[in-house]
Asker: 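Dropping a structure here in structure tokens format, bear with me for questions.
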Amino acid sequence: ACTAGNTFAMKPSEKTPGACMLLAQLAEEAGLPPGVLNIIHGSVPTVNFLCDAPQIKAISFVGGNTAGEYIHARGTANGKRVQANLGAKNHATILPDADREATVRAISGAAFGAAG
């Protein structure tokens, strides 16, 4: 979003917000200007606000099916573009020039390396 000149709000899971806060800290340390990345905490009322606010034009969601289907339905009903990656685990974007074997090893390690 910010590389295209937009600001964005990131709402982490209310159960595990730590990684999101670390990403925000890293973005700040890397020089992302204040107000470009905005962290918003909360549960259903916060989700409803994000889906309903006319200033928010698009939503990208990664998570469970129930929440994702709700966000997709409510967001699109309000005219937003909604990208929902439901039931996701270790999603990745692989560029055409990537080393395929190294990429598969890295993604597999990330997905299952600490699974026990």
Side-chain angles (χ1 to χ4, degrees):
C2 63
T3 58
N6 298 300
T7 62
F8 65 103
M10 186 182 310
K11 188 209 130 347
S13 166
E14 59 274 12
K15 297 174 185 172
T16 56
C20 180
M21 298 309 295
L22 288 172
L23 287 171
Q25 180 181 353
L26 291 171
E28 181 181 9
E29 290 172 6
L32 196 66
V36 173
L37 168 59
N38 303 280
I39 308 299
I40 181 169
H41 296 279
S43 59
V44 176
T46 304
V47 171
N48 290 343
F49 167 78
L50 293 169
C51 290
D52 297 344
Q55 302 88 340
I56 296 172
K57 304 300 183 195
I59 298 170
S60 181
F61 173 80
V62 176
N65 290 7
T66 302
E69 289 168 0
Y70 176 84
I71 290 166
H72 186 272
R74 189 159 181 149
T76 56
N78 284 301
K80 297 179 189 316
R81 296 181 312 271
V82 180
Q83 169 188 307
N85 190 353
L86 309 183
K89 177 164 178 29
N90 303 92
H91 57 283
T93 300
I94 303 170
L95 300 178
D97 62 342
D99 179 324
R100 186 167 294 190
E101 291 216 13
T103 302
V104 169
R105 281 194 305 275
I107 292 171
S108 297
F112 305 110

Asker: Kindly compute the distance separating OG1 (Thr76) from CD1 (Ile71), expressed to the nearest 0.5 Å.
Answerer: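 Between Thr76 OG1 and Ile71 CD1, I get 11.5 Å after rounding to 0.5 Å.
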Asker: Considering all heavy atoms of both residues, which atom of Thr103 and which atom of Ala98 are nearest to each other, and what is their separation?
Answerer: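 Closest approach of Thr103 to Ala98: OG1-CB, 3.7 Å.
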Asker: I need the Ile40 CD1 to Leu50 CG distance, nearest 0.5 Å.
Answerer: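 Ile40 atom CD1 to Leu50 atom CG measures 5.0 Å (nearest 0.5 Å).
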Asker: Heavy-atom distance under 4.5 Å between the side chains of Asn48 and Arg74, does that happen here?
Answerer: yes
Asker: Any chance you could measure Lys80, atom NZ, to Ile56, atom CD1, to the nearest 0.5 Å?
Answerer: 5.5 Å
Asker: OG of Ser60 to CG of Asn85: how many Å apart, nearest 0.5 Å?
Answerer: 8.0 Å
Asker: So which atom in Phe61 and which in Ala67 form the shortest heavy-atom distance, rounded to 0.1 Å?
Answerer: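 Smallest interatomic distance, heavy atoms only, reads CZ-CB, 3.9 Å.
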Asker: Hey, quick one: are Leu86 and Val47 part of the same hydrophobic cluster, counting side-chain heavy atoms closer than 4.5 Å, chains of contacts allowed?
Answerer: yes
Asker: Tell me the closest heavy-atom pair linking Gly68 and Ala84, and the distance in Å.
Answerer: O-CB, 4.4 Å
Asker: Could you list the donor-acceptor pairs under 3.5 angstrom formed by side chains in residues 8-35, with sequence neighbours left out?
Answerer:
from: Lys11; atom 1: NZ; to: Glu14; atom 2: OE1; distance (Å): 3.3
from: Lys11; atom 1: NZ; to: Gly42; atom 2: O; distance (Å): 3.1
from: Ser13; atom 1: OG; to: Lys15; atom 2: N; distance (Å): 3.1
from: Gln25; atom 1: NE2; to: Glu29; atom 2: OE2; distance (Å): 3.1

Asker: For the residue pair Tyr70 and Asn65, confirm or rule out a side-chain donor-acceptor distance under 3.5 Å.
Answerer: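 Judged by distance alone, the side chains do not pair up.
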Asker: Looking at CD1 of Ile94 and CG of Asp99, how far apart are the two atoms once the value is rounded to the nearest 0.5 Å?
Answerer: 11.0 Å
